[in-house]
Undergrad: 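Handing you a structure now.
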Amino acid sequence: MCGRFVLKESAEEVGAFFETDLTGEGIPLPSWNISPTQQIAAVVESVKDSDTPKRRLEAARWSLVPGWSKELTLKFPTFNARTEDIMSKATWKPAVKAKRALIPASGYFEWRTDAQGKKHPNYIHDPSGELLAFAGLYSWWADPTKQPDDESRWVLTATILTSPAVPHLAEIHDRNPVPLPRDLWQWWLDPLTEGDQSMVDAAVAAAIPVASELEFFEVAPIRGNGPELIEPVS
DNA sequence: CCAGACGTTGTT
DNA sequence: GTCTGG
DNA sequence: CCAGACGTTGTT
DNA sequence: GTCTGG
């Protein structure tokens, strides 16, 4: 679930909605067809070159690469992280503790498989058109082929958390991302709080009312990139 | 202990 | 780096 | 997640 | 059918 999504606002609009102090460059927006390993927008908070944490909108590679990896391209998928047993996975554990992020999305795609095994893409979104804030994790990966003093060796990578689907979304899929309500954003992002399984469980629980409000409709096959990808089909 | 993996989705 | 399987 | 590729030898 | 790239 959640292997494809939409962010059709500009970086400026996204930064304003998430009240970020800084809006980084290099986020390819808008996009109606964001797939794993592409650049996504990530809201993060950390103490960087200052005393107090700053909230930033950054570009990140969608597929978290843990610090110990020698390669940017992993042999296993990391674009989603299952919340149920997240602390038991070496890849996620350090990020749950202190590298939590919000991933802005206008909506996402889900493929429902019908009785004939045919797949039907659906666009899932907030009925009022508000941006969604998926709970996510991030990791700074240092490219070992670059010099230690080369700032460009640092690559921000990120993943989106998933949970069992809320009842009405289970109709098209058994998993869904974890959309956090605005009143939990600061709590989730706070880098001074050490995250654990109970924090992730609380985030999943808080996301249920948000996910329960989402609406969806079938769309045409997802090809190319443009507003037409989120036009309803009969 | 070391060697080798480190993960998800979906489908059967 | 850390966890799991043998 | 889906879409698209999926391969080699030898010669230029 | 299965792997890779986006």
Undergrad: Taking 4.0 Å as the cut-off, does a side-chain nitrogen or oxygen of A:R82 come that near to OP1 or OP2 on B:dT9?
TA: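 So the side-chain polar atoms of A:R82 do come within 4.0 Å of the phosphate oxygens OP1 or OP2 of B:dT9, strictly under.
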
Undergrad: In this structure, how many angstroms lie between the P atom of B:dT9 and the CH2 atom of A:W62, rounded?
TA: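 Answer to the nearest Å: 11 Å.
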
Undergrad: According to a strict under-4.0 Å criterion, is A:K93 in side-chain N/O contact with OP1 or OP2 of C:dC3?
TA: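 So the side chain of A:K93 is within the cut-off, an N or O lying under 4.0 Å from OP1 or OP2 of C:dC3.
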
Undergrad: Determine: side-chain N/O of A:R175 to OP1/OP2 of B:dT8, distance under 4.0 Å, yes or no.
TA: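 It does not, given that no N or O in the side chain of A:R175 lies less than 4.0 Å from OP1 or OP2 of B:dT8.
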
Undergrad: Just N and O in the side chain of A:K89: are any of them under 4.0 Å from OP1 or OP2 of B:dT8?
TA: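 Yes, such a contact exists.
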
Undergrad: For A:W111 together with A:Y123, are the ring centres under 6.0 Å from each other?
TA: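 That pair fails the under 6.0 Å test.
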
Undergrad: Is the phosphate of B:dT9, meaning OP1 or OP2, less than 4.0 Å from a side-chain N or O of A:T162?
TA: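 Yes, because at least one side-chain N or O of A:T162 sits under 4.0 Å from OP1 or OP2 of B:dT9.
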
Undergrad: Whole angstrom is fine here: how far is it from CZ in A:F76 over to P in B:dG7?
TA: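 One finds 6 Å between P of B:dG7 and CZ of A:F76, rounded.
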
Undergrad: Between A:F109 (CZ) and B:dT9 (C1'), how many Å, whole number?
TA: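 About 18 Å, once rounded to whole Å.
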
Undergrad: Whole-Å distance between C:dG1 P and A:K70 NZ?
TA: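 Going from NZ in A:K70 over to P in C:dG1 covers 9 Å.
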
Undergrad: Determine: side-chain N/O of A:T113 to OP1/OP2 of B:dT11, distance under 4.0 Å, yes or no.
TA: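 A:T113 to B:dT11 OP1/OP2: side-chain N or O found under 4.0 Å.
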
Undergrad: Within this structure, what is the CD-NE2 distance for the pair A:E130 and A:H125, rounded to the nearest 0.5 Å?
TA: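 Between A:E130 CD and A:H125 NE2, I get 13.5 Å after rounding to 0.5 Å.
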
Undergrad: How is A:W92 classified with respect to the nucleic acid when contacts are heavy atoms under 4.0 Å: base, sugar-phosphate, or nothing?
TA: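 Sugar-phosphate: the residue A:W92, judged by heavy atoms under 4.0 Å, touches backbone atoms but no base.
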
Undergrad: Is there a donor-acceptor pair under 3.5 Å between the side chain of A:T20 and the backbone N or O of A:T23?
TA: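 Checking the backbone N and O of A:T23 against the side chain of A:T20, no donor-acceptor pair under 3.5 Å is found.
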
Undergrad: OP1 or OP2 of B:dG7 sitting under 4.0 Å from any side-chain N/O of A:T78?
TA: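 For B:dG7, neither OP1 nor OP2 has a side-chain N or O of A:T78 closer than 4.0 Å.
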
Undergrad: Does a donor on one side chain and an acceptor on the other come within less than 3.5 Å for A:R61 and A:Q38?
TA: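 No, no side-chain donor-acceptor contact under 3.5 Å.
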
